[in-house]
2 protein chains.
Amino acid sequence: MAAAMEVVDTNGAGAFSMRALGGFLDCDPTAMYRHFATKNALLDALVDSVIRDGVADLPETDDPRADIRANFRQLRRSLLAHPTLAPLVLRRPPGVGAYWERSDHAVAQLHRAGMDPADAANVYQTLLFYTLGHTLSEARQLARAVEKEGAGARGGPVAQVRPPAELHPDLSDVAPHLREDNESQFLAGLDLILRDLPR
Amino acid sequence: MAAAMEVVDTNGAGAFSMRALGGFLDCDPTAMYRHFATKNALLDALVDSVIRDGVADLPETDDPRADIRANFRQLRRSLLAHPTLAPLVLRRPPGVGAYWERSDHAVAQLHRAGMDPADAANVYQTLLFYTLGHTLSEARQLARAVEKEGAGARGGPVAQVRPPAELHPDLSDVAPHLREDNESQFLAGLDLILRDLPR
DNA sequence: ACCTGAACACCGTTCAAGT
DNA sequence: ACCTGAACACCGTTCAAGT
């Protein structure tokens, strides 16, 4: 339901309620129970639409590695488009229907690159979990801005990671590199996992 | 607060409320507001204790790769010990104090293995996000059992991933490998990321 | 000065009452 | 047969009233 997504995006998933949606649609809060058995079922449907978003446009070029990168990059983009909803993807098992086309695309590219089924399973699952972990951690940042002052305040200053150097010498050597660019950090992680994909 | 953790573990984080904790402790629900400003602050404290759990006992042997593996394996174990609380780790930024000792240990081992700071930052963040994504996805499974019938029903049959073969040929080749062993799948992903760590 | 608990403004969901 | 909305059993949090 597009209206529900709009309420989530403008006020945050935390502020979403049947009463809020009813107010947005000028109808009784209990009217939604004819279309969805429960509030959770409605949220699951929203999450599934995010998981499916853009999967039909994934490329299949002659470079399987690039196609795989595009897949997970696009998943990250879709999740970050709805930052307060993003954590709810963990409610959906990786085997749920919404993931099928997306995972089929990724596994097909791994196969096309000459990887055997067992390795492909490992690499696919590693890529998926890495992407979810990285992206949900980014989404939390964006979500805080939305939940605080409504949608629109995106792209504020990024919180710096700055531990006390005397307590954690090795970590503070590395801290300047940690948050300098979320997108390139994400892609670097993907490449790390894909490093020796056969070609 | 150990009592709050007990309430969360027995009935699930979803059923945790100030009133439930008050009932467990035989006191007024508003009494907690002297120790924690808000319910969220209390949950954050619980999450931080899970992140810190066991970090003092992490090994420092002559094998940095094994020590890194032990670090993230132990994080996974701590998160899975409180499956309904686990998703709330996403409320805490990776730069929060609770992560310092743990990330310092990991970065120190990467450094000891001869990795330069920029690479160490990439690999550390990749390992952390991969671990969070993988473990939170596992935790969801355990959490469902707890929230349904109270703690104790752990280790029930694992949901199989079984997509319709005609629709997703590449994926269904791989499906039998996907969920066969969570722990070894997790470790395989770690090794994939650590594959060419200098030694 | 400290503590308690009544009260406020919510919430998801049900189901009796209306049409 | 269908729809509505009053009502139930909650919730986090505040703050006036007690000690």
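Below, all heavy atoms of this structure are taken into account, side chains as well, without hydrogens, waters or symmetry copies.
With both pairing distances under 3.5 Å, dG12(D) is matched to dC8(C) as a Watson-Crick or G-U wobble pair. Nucleotide dG18(D) forms a Watson-Crick or G-U wobble pair with dC2(C), both donor-acceptor distances falling under 3.5 Å.
Distance noted for atom C1' between dC15(D) and dT19(D): 16 Å (whole Å).
When rounded to the nearest whole Å, the span between CG of L21(A) and C1' of dT13(C) equals 15 Å. Going from atom CE of M18(A) over to atom C1' of dT4(D) covers 15 Å, rounded to whole Å. If you take CG of L43(B) and P of dC11(D), they are 14 Å apart, rounded to a whole angstrom. Distance CZ (R19(A)) to P (dT13(C)): 11 Å, rounded to an integer number of Å. One can place CZ of F16(A) at 17 Å from P of dC10(C), the figure rounded to the nearest angstrom.
Residues from residues 23-40 of chain B that place a heavy atom under 4.0 Å from any atom of DNA chain C, listed by number: D28(B), T30(B), R34(B).
A donor-acceptor pair under 3.5 Å is absent between the side-chain atoms of R76(B) and the main chain of T131(B), judged by distance alone. Side-chain N or O atoms of S137(B) include none that pairs as donor or acceptor with a backbone N or O of H134(B) at under 3.5 Å. In this structure, S17(A) contributes its side chain and A20(A) its backbone to a donor-acceptor pair below 3.5 Å. At distances below 3.5 Å, at least one donor-acceptor pair connects side-chain atoms of N71(A) with backbone N or O atoms of R102(A).
Contact of the P93(A) side chain with the R144(B) side chain is registered, since non-hydrogen atoms from C-beta on lie closer than 4.5 Å.
Using modelled atom types and a 3.5 Å distance limit, the side chains of D28(B) and T30(B) yield a donor-acceptor pair.
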